[in-house]
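Here's the structure, in structure tokens; my notes come after.
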Amino acid sequence: MASESKKQLKKAVVLLSGGLDSYTSAAFARESDFELYALTINYGQRHDIELDAAAKIAKFLGVTEHKTVNLDLRTFGGSALTSEIEVPKDSLADEAESSIPSTYVPARNTIMLSLALGWAEVLGSFDIFIGANAVDYSGYPDCRGEFMEAFETLANLATKAGVEGSGQFKIHAPLLNLTKADIITSGVEMGLDYSISHSCYDPDQQGRACGHCDSCLIRKKGFADARTPDPTIYHE
């Protein structure tokens, strides 16, 4: 009976990086009664400990299938996450810093959503979830609502399913307008174990978070504002 119920669920492809946001976004998809197909991209990021976190999260959420695609963006570089550029530390509060930070990976969300779109079309799914956030984030242009809307338009123009009218693709970004504290509070209410997630851009060899990169600072502040204990292991 349970398997019959599962077959009746709509399928959703969820982008799963191993971080706090993608974890919570996937959980929202599960709460909305989607059957989850998780996609993780190994793009050559220096913080590849998150790949292990993604596997743990996929197991925790009970996804139907979890795929990891290897696509080495170090071929291009251009980011502190995909080259030897130093990861900036303790710079988040610097109001004089108005440019897009060096941790921005060129076209990353465009690439990831494109891969998710390809798999969704194969699965017969029209729903893709991404953990993009436009409130507590580092200024990345591909985390904005305008980008999500534009990609959704592209998805329905550039696919066989979209052109033939068998369905309308929807890009879900449930965290887009939430603060990090709101995201964490929602996750705790859904019973998520954030100790298995990983956010740090520059962890040590043991996978411990640095505590000083933008992502760590945002995560720390989020747990503090949510008045929830931070389960992250920092190397200091």
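Keep in mind that what you see is a predicted model, and the values were worked out from it rather than measured.
A donor-acceptor pair shorter than 3.5 Å cannot be found between the side chains of S125 and D127. Of the N and O atoms on the side chains of S83 and R74, not one donor lies less than 3.5 Å from an acceptor on the other residue. In summary, the side chains of T64 and E35 do present a donor paired with an acceptor at a separation below 3.5 Å, with no hydrogens or angles considered. Remark: the R208 side chain and the Y234 side chain contain no N/O donor-acceptor pair separated by less than 3.5 Å. A donor atom on one side chain and an acceptor atom on the other are not found under 3.5 Å apart for Y194 and T228. A donor-acceptor contact closer than 3.5 angstrom links the side chains of H212 and D90.
For the pair F28 and L175, the minimum side-chain heavy-atom distance is below 4.5 Å.
There is no path of hydrophobic side-chain contacts, each under 4.5 Å, that joins L15 to L176. Linking Ile, Leu, Val, Met, Phe, Trp and Tyr residues whenever their side-chain heavy atoms come within less than 4.5 Å leaves I233 and I218 in two separate clusters. Residues W119 and Y43 fall within the same hydrophobic cluster, defined by Ile, Leu, Val, Met, Phe, Trp and Tyr side chains chained together at heavy-atom separations under 4.5 Å.
A cation-pi arrangement is not found for K56 relative to Y23, the charged atom failing to lie both closer than 6.0 Å to the ring centre and inside a 45° cone about the ring normal.
Between the side chain of R108 and the main chain of V105, no donor-acceptor pair closer than 3.5 Å is present. When atom types are taken as modelled, the side chain of S102 and the backbone of A80 share no donor-acceptor pair closer than 3.5 angstrom. Between the side chain of E50 and the backbone N or O of H198, no donor-acceptor pair lies under 3.5 Å. Panel note: side chain E121, backbone A161; a donor-acceptor pair is recorded below 3.5 Å. Here the side chain of S32 pairs no donor or acceptor atom with the backbone of F34 at under 3.5 angstrom.
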Next on the checklist: Please evaluate residues L61 and V14 with respect to the criterion side chain to side chain contact (heavy atoms under 4.5 Å, CB included), reporting the C-alpha separation (whole Å), side-chain torsions for both, the decisive distance (0.1 Å), and the verdict.
Outcome noted: CA-CA 11 Å; L61 293 175; V14 296; over 6 Å; no
Item to check | Working for side chain to side chain contact (heavy atoms under 4.5 Å, CB included), residues D21 and I183 | outcome: CA-CA 7 Å; D21 289 344; I183 292 168; 3.6 Å; yes
Next on the checklist: Please evaluate residues E152 and N156 with respect to the criterion side chain to side chain contact (heavy atoms under 4.5 Å, CB included), reporting the C-alpha separation (whole Å), side-chain torsions for both, the decisive distance (0.1 Å), and the verdict.
Outcome noted: CA-CA 7 Å; E152 186 175 292; N156 287 294; 4.0 Å; yes
Checklist entry - Do T40 and V69 pass the side chain to side chain contact (heavy atoms under 4.5 Å, CB included) test, and can you show the C-alpha distance, the side-chain angles, and the key distance before you say yes or no? => result CA-CA 6 Å; T40 299; V69 173; over 6 Å; no
Checklist entry - Would D182 and T179 satisfy side chain to side chain donor-acceptor pair (under 3.5 Å), going step by step from the backbone distance to the final call? => result CA-CA 5 Å; D182 290 337; T179 66; 3.1 Å; yes
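Summarising the geometry, atom OG belonging to S199 is positioned 5.0 Å from atom CG belonging to L20; distances are rounded to the nearest 0.5 Å. Rounding to the nearest 0.5 Å places CD1 of I128 at 14.5 Å from OH of Y37. The line from CG of L154 to CD1 of I171 is 9.0 Å long, rounded to the nearest 0.5 Å. The structure places NZ of K67 at 9.0 Å from CG of L39, a figure rounded to the nearest 0.5 Å. To the nearest 0.5 Å, atom CG of residue N133 and atom OG1 of residue T24 are 10.0 Å apart. The SG atom of C143 sits 6.0 Å away from the CE atom of M148 when rounded to the nearest 0.5 Å.
Shown here for A58 and H66, the closest heavy-atom pair between the two residues is CB-ND1, 3.6 Å. Nearest heavy-atom pair, L157 versus V163, reported as atom, atom and distance to 0.1 Å: O-CG2, 3.7 Å.
Considering N42, L16, I41 in turn, N42 is the only one that fulfils the side-chain contact (heavy atoms from CB on, under 4.5 Å) rule with L51.
The environment of Q206 atom CD is dense: over 12 non-hydrogen atoms of other residues, nucleotides or ligands sit within 6.0 angstrom.
Among pairs with a residue in residues 161-171, those fulfilling side-chain hydrogen bond (donor to acceptor under 3.5 Å, both in side chains) read K160-E164, at least two apart in sequence or across chains.
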